[in-house]
Amino acid sequence: MESNDVHADLKHVLKSKDEIQNRIAELAAEIDRDYEGRDLLIVGVLKGAVMVMADLARALHSHVTMDWMAVSSYGSGTQSSGVVRILKDLDSDLMGKHVLIVEDIIDSGLTLSWLKTNLESRGTASVEICTAFRKPDAAKVAIDVKYVGFDIPNEFVVGYGLDYAEKYRNLDFVGTLAPHVYE
């Protein structure tokens, strides 16, 4: 799906398909270098990380294994409840493994902070984080993110895995959603 398919729903395009793909390739090169000679398990956080996880895995030049996890701290609302629930756990045993959590976006950091601690408690050799997008102005906790695609403003964004009401995930770019869509 392209911007002209949903132009009336957007204020503007924030990051183009080419910008995203170029940055993912740069992140993959950093990850290849940092994990050279080590086995790496990349863990995607469903549903939003599907696009970045697929593109990142294809851009890597080293072997990786992949697994998926789904967590929720929102329940049925739009504000975090503060209680994280695992909706789908990993199939992999993490003992002694180097784990890279792959996220689409980091807002408050609360859920990701909990997730990193949870995975570290499973006997990992290391746990690092890679995110396509980060909103520094939305952070509520300090969280160390080793690989950041782009820092973006604290706006309502969709595309490249990011959704509103389960729509817009399949856009090949990231754009700011127009207020008339969600108000």
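Everything quoted here is computed from the prediction, not taken from an experiment.
In this structure, Val52 and Ile24 have side chains that are in contact, with non-hydrogen atoms separated by less than 4.5 Å. Residues Pro136 and Asn154 form no side-chain contact, since every pair of their non-hydrogen atoms from C-beta on lies 4.5 Å or further apart. Within the 4.5 Å cutoff, the side chain of Leu162 has no heavy atoms near those of the Tyr168 side chain.
Met51 is not connected to Val158 by any chain of hydrophobic side-chain contacts under 4.5 Å among Ile, Leu, Val, Met, Phe, Trp and Tyr, and they are in different clusters. Residues Val50 and Leu171 are members of separate hydrophobic clusters, defined by side-chain heavy-atom contacts under 4.5 angstrom among Ile, Leu, Val, Met, Phe, Trp and Tyr. Each of Trp68 and Leu90 belongs to its own hydrophobic cluster when Ile, Leu, Val, Met, Phe, Trp and Tyr are linked at side-chain heavy-atom distances under 4.5 angstrom. Phe173 and Phe156 fall within a single hydrophobic cluster, where Ile, Leu, Val, Met, Phe, Trp and Tyr side chains are chained together by heavy-atom contacts under 4.5 Å. When hydrophobic clusters are built by joining Ile, Leu, Val, Met, Phe, Trp and Tyr residues whose side-chain heavy atoms come closer than 4.5 Å, directly or via intermediates, Val174 is grouped together with Val102.
Of the inter-residue distances, the one linking Leu94 atom CG with Glu120 atom CD reads 11.0 Å to the nearest 0.5 angstrom. Annotation: the span from Ile105 atom CD1 to Leu112 atom CG amounts to 12.0 Å, rounded to 0.5 Å. Cys130 SG to Leu56 CG: the interatomic distance, rounded to the nearest 0.5 Å, is 5.0 Å. The OH atom of Tyr164 lies 9.0 Å from the OH atom of Tyr182; values are rounded to the nearest 0.5 Å. One finds the CG atom of Leu41 at 10.0 Å from the OG1 atom of Thr124 (value rounded to the nearest 0.5 Å).
Atom NE2 of His61 is surrounded by 12 or fewer heavy atoms from other residues, nucleotides or ligands within 6.0 Å. Summarising the local packing, NZ of Lys135 is surrounded by more than 12 heavy atoms from other residues, nucleotides or ligands at distances under 6.0 Å. Other residues, nucleotides and ligands contribute at most 12 non-hydrogen atoms within 6.0 Å of the CG atom of Asp39. Dense packing is recorded around NE2 of His12, with more than 12 heavy atoms of other residues, nucleotides or ligands lying under 6.0 Å away.
A salt bridge is defined here as a Lys NZ or Arg NE, NH1 or NH2 lying under 4.0 Å from an Asp or Glu carboxylate O, and Lys15 with Asp18 fails to meet this definition. A salt bridge is absent between Arg134 and Asp104: the closest approach of a Lys/Arg side-chain nitrogen to an acidic carboxylate oxygen does not fall below 4.0 angstrom. In summary, Glu103 and Lys116 do not engage in a salt bridge, as defined by a charged side-chain N under 4.0 Å from a carboxylate O.
Put simply, the side chain of Asp107 never gets that close to the backbone of Ala138: no donor and acceptor are under 3.5 Å apart. Under the 3.5 Å distance criterion, the side-chain polar atoms of Ser121 are matched with a main-chain donor or acceptor of Asn118. Side chain of Glu19 to backbone of Ser16: a donor-acceptor contact under 3.5 angstrom is found. In this structure, the side chain of Lys167 does not engage the main chain of Asp163 through any donor-acceptor pair within 3.5 Å. Using modelled atom types, no side-chain atom of Arg58 and backbone atom of Met53 make a donor-acceptor pair closer than 3.5 Å.
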Audit row: Glu166, Lys47, salt bridge (Lys or Arg N to Asp or Glu O under 4.0 Å) steps and yes/no: CA-CA 9 Å; Glu166 295 298 325; Lys47 298 178 186 172; 3.4 Å; yes

Going through the distances and angles, do Leu40 and Lys97 end up as a side chain to side chain contact (heavy atoms under 4.5 Å, CB included)? CA-CA 7 Å; Leu40 178 63; Lys97 293 189 178 172; over 6 Å; no

Let me see the working for Asp172 and Ile20 under side chain to side chain contact (heavy atoms under 4.5 Å, CB included), right down to the final yes or no. CA-CA 9 Å; Asp172 62 2; Ile20 294 168; over 6 Å; no

Derivation of the salt bridge (Lys or Arg N to Asp or Glu O under 4.0 Å) call for Glu30 and Lys146: CA-CA 10 Å; Glu30 290 178 44; Lys146 188 164 186 173; over 6 Å; no

Any chance you could lay out the side chain to side chain contact (heavy atoms under 4.5 Å, CB included) test for Met66 and Val43, step after step, and finish with the verdict? CA-CA 6 Å; Met66 298 167 57; Val43 174; over 6 Å; no

Taking it one step at a time, do Ile106 and Ile129 satisfy side chain to side chain contact (heavy atoms under 4.5 Å, CB included)? CA-CA 10 Å; Ile106 299 173; Ile129 299 167; 4.2 Å; yes

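Between Tyr147 and Tyr35, the ring-plane angle classifies as tilted under the 30° and 60° cut-offs.
The residue from Leu87, Ile101, Leu119 that alone fulfils the side-chain contact (heavy atoms from CB on, under 4.5 Å) condition with Met69 is Leu119. Results of the side-chain contact (heavy atoms from CB on, under 4.5 Å) test with Thr176 over Val13, Leu10, Val157 single out Val157 as the only residue that passes.
Ala125 and Gly96 get closest at one heavy-atom pair: CB-O, 3.4 Å. Counting all heavy atoms, side chain and backbone alike, Leu60 lies closest to Ala28 at CD2-O, 3.5 Å. Considering every non-hydrogen atom in both Gly149 and Arg23, the closest pair reads O-NE, 3.0 Å. The nearest pair of heavy atoms linking Val141 to Ser113 is CG2-CB, 4.1 Å. Minimum interatomic distance between Ile42 and Val64 (heavy atoms only, all atoms of both residues): CD1-CG2, 4.0 Å.
In this structure, a donor-acceptor pair under 3.5 Å is present between the side chains of Asp55 and Tyr160.
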